[in-house]
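Everything on this sheet refers to the single structure shown next.
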Protein chains: 2
Amino acid sequence: MNNEITKKYRKRSEIIKALGHPTRIFIMDFLANGEKTAGEIVEKVGADKSTVSKHLSVMKNAGLVENEKRGLNVFYKLTCACILNLFTCLESIEKRD
Amino acid sequence: MNNEITKKYRKRSEIIKALGHPTRIFIMDFLANGEKTAGEIVEKVGADKSTVSKHLSVMKNAGLVENEKRGLNVFYKLTCACILNLFTCLESIEKRD
DNA sequence: TAGTTAATTGGTTAATTTGTCAACAAGCAA
DNA sequence: TTGCTTGTTGACAAATTAACCAATTAACTA
């Protein structure tokens, strides 16, 4: 596992780690319906707004979502809906247990 | 995010977290070529055998791999090659940055 | 300008994850 | 049985992640 390779795998794992939290997966699913404001996400998740904001920040840094400020609101949306296909695959793994 | 839902998302995140480490992604790629012994994986990864063994244990608990002891060796293989499709999707996210 | 709403950031604490070394268990062979 | 090889487990320290509250910033409105 040489250095060039580890760089590649580190980058991948950053993205995957950003997906690896129940709240963040929930947010991915929620955003599959279209863009939402941070406030709408906070309400849907039901956690402290600072907690949710930090989750969104992790997701944005990983490139899972992008955001845009319009007026007082910040709108979030998925950068790549293809990630949702992963969930289908996960279900087939879940069923094996 | 009610209780029934969180159970679903917790299970998903367990699987994803098991993928969210550079070494473990590397192992997934390595196993895409077919089953390998723990020793072969240790050599390829280049880390302590106990470290690799624990990574394999995390992956197995999540259902990403399965193993079988034959003689002195323990052979590991992917339970579901479909996970590899995820990596294609990740590349498209990586390219956006 | 002062006030209000929406969202992010900083600081702190608790929990989880990772890596390493040493000890152990299982299977084989002399 | 004794010893060798392969792999897993336990204990511990270091690093990372997560949640919460308080303070702050940004954009609008009266």
Side-chain angles (χ1 to χ4, degrees), chain A residues 1 3 6-7 9-28 30-31 35-77, chain B residues 1-3 5-7 9-28 30-31 35-77:
Chain A
M1 199 156 107
N3 237 15
T6 58
K7 198 199 277 180
Y9 288 101
R10 270 201 302 273
K11 179 61 187 161
R12 279 192 189 174
S13 75
E14 260 180 56
I15 300 174
I16 296 176
K17 271 191 284 189
L19 264 177
H21 188 288
T23 299
R24 295 198 289 260
I25 299 175
F26 180 79
I27 293 171
M28 291 294 288
F30 187 43
L31 292 181
E35 66 173 17
K36 308 286 180 191
T37 68
E40 288 172 319
I41 298 168
V42 166
E43 187 187 17
K44 190 81 174 177
V45 167
D48 190 273
K49 64 183 176 172
S50 71
T51 300
V52 173
S53 182
K54 280 172 185 172
H55 282 306
L56 289 168
S57 165
V58 169
M59 296 168 81
K60 187 187 165 191
N61 287 332
L64 293 176
V65 300
E66 50 196 9
N67 62 9
E68 188 190 356
K69 182 150 192 174
R70 300 206 291 274
L72 277 180
N73 298 295
V74 177
F75 289 83
Y76 282 86
K77 64 178 173 186
Chain B
M1 201 157 102
N2 71 39
N3 236 14
I5 295 179
T6 58
K7 198 200 277 180
Y9 288 101
R10 270 200 303 272
K11 179 63 186 161
R12 280 192 188 175
S13 75
E14 261 178 55
I15 300 174
I16 295 177
K17 271 192 283 190
L19 264 178
H21 188 289
T23 298
R24 296 197 289 260
I25 298 174
F26 180 79
I27 292 171
M28 292 293 289
F30 187 44
L31 292 180
E35 65 174 16
K36 308 286 179 190
T37 69
E40 288 172 320
I41 298 169
V42 166
E43 186 186 19
K44 190 80 173 179
V45 168
D48 190 274
K49 64 182 175 170
S50 70
T51 301
V52 173
S53 181
K54 280 173 185 174
H55 281 307
L56 289 169
S57 164
V58 169
M59 295 168 80
K60 187 187 165 194
N61 287 332
L64 293 176
V65 301
E66 49 197 10
N67 63 7
E68 188 188 354
K69 182 151 191 172
R70 299 207 291 275
L72 277 181
N73 297 296
V74 178
F75 289 83
Y76 282 88
K77 64 179 173 185

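Note on naming: letters A, B, ... go to the chains in the order of the sequence lines (proteins, then strands), and numbering restarts at 1 for each one.
- Counting non-hydrogen atoms under 4.0 angstrom, B:Arg70 reaches nothing in the nucleic acid.
- The nearest pair of heavy atoms linking A:Val42 to A:Ala47 is CG1-O, 3.7 Å.
- If you check D:dT6, D:dA27, C:dT8 against the side chain of A:Leu72, the one that comes closest is D:dA27.
- In this structure, of C:dG19, C:dC21, D:dC20, it is C:dG19 that holds the atom nearest to the side chain of B:Thr51.
- Of the two residues contacting DNA chain D, namely A:Lys49 and A:His21, the nearest-nucleotide position lying further toward the 5' end is that of A:His21.
- Here the closest heavy-atom approach between residue B:Ala62 and residue B:Ile15 is recorded as O-CG1, 3.6 Å.
- What separates CD of B:Glu40 from P of D:dT5 is a distance of 17 Å, to the nearest Å.
- In this structure, A:Leu64 CG and A:Ile25 CD1 are separated by 10.5 Å, a value rounded to the nearest 0.5 Å.
- The side chain of B:Ala38 has D:dG7 as its nearest neighbour among D:dG7, D:dA19, C:dG27.
- Between B:Ile16 atom CD1 and C:dT17 atom P there is a gap of 14 Å when expressed in whole angstrom units.
- The phosphate of C:dG19 (OP1 or OP2) has a side-chain N or O of B:His55 nearer than 4.0 angstrom.
- Rounded to whole Å, atom C1' of C:dA6 lies 13 Å from atom CG of A:Leu56.
- The interatomic distance linking A:Lys44 (NZ) with C:dA7 (C1') rounds to 20 Å, in whole Å.
- Ring geometry, A:His55 versus A:His21: the interplanar angle falls from 30° to 60°, so the pair is classed tilted.
- One interatomic measurement links the two molecules: NZ of A:Lys60 to C1' of C:dA7, which rounds to 12 Å at whole-angstrom precision.
- Of the listed nucleotides (C:dT20, D:dT6, C:dT8), C:dT8 has the atom at the smallest distance from the side chain of A:Asn67.
- Here C:dA6 presents its P atom at 15 Å from CG of A:Asp48, a figure rounded to the nearest Å.
- As rounded to whole Å, 18 Å separates atom C1' of D:dA18 from atom CZ of A:Phe26.
- Within 4.0 Å of A:Tyr76, counting heavy atoms only, lie sugar-phosphate atoms of the nucleic acid but no base atom.
- Proximity note for A:Asn73 (side chain, C-beta onward) versus C:dA7, C:dT9, D:dG7: the nearest is C:dA7.
- Nucleic acid contact class of B:Lys54 (heavy atoms, under 4.0 Å, all strands): base.
- Each of A:Lys17 and B:Ser57 was matched to the nucleotide of DNA chain D holding its nearest heavy atom; the match closer to the 5' end belongs to B:Ser57.
- Rounded to a whole Å, the CZ atom of B:Arg10 is 15 Å from the C1' atom of C:dT16.
- In this structure, CG on A:Asn73 lies 10.0 Å from CD on A:Glu35, to the nearest 0.5 angstrom.
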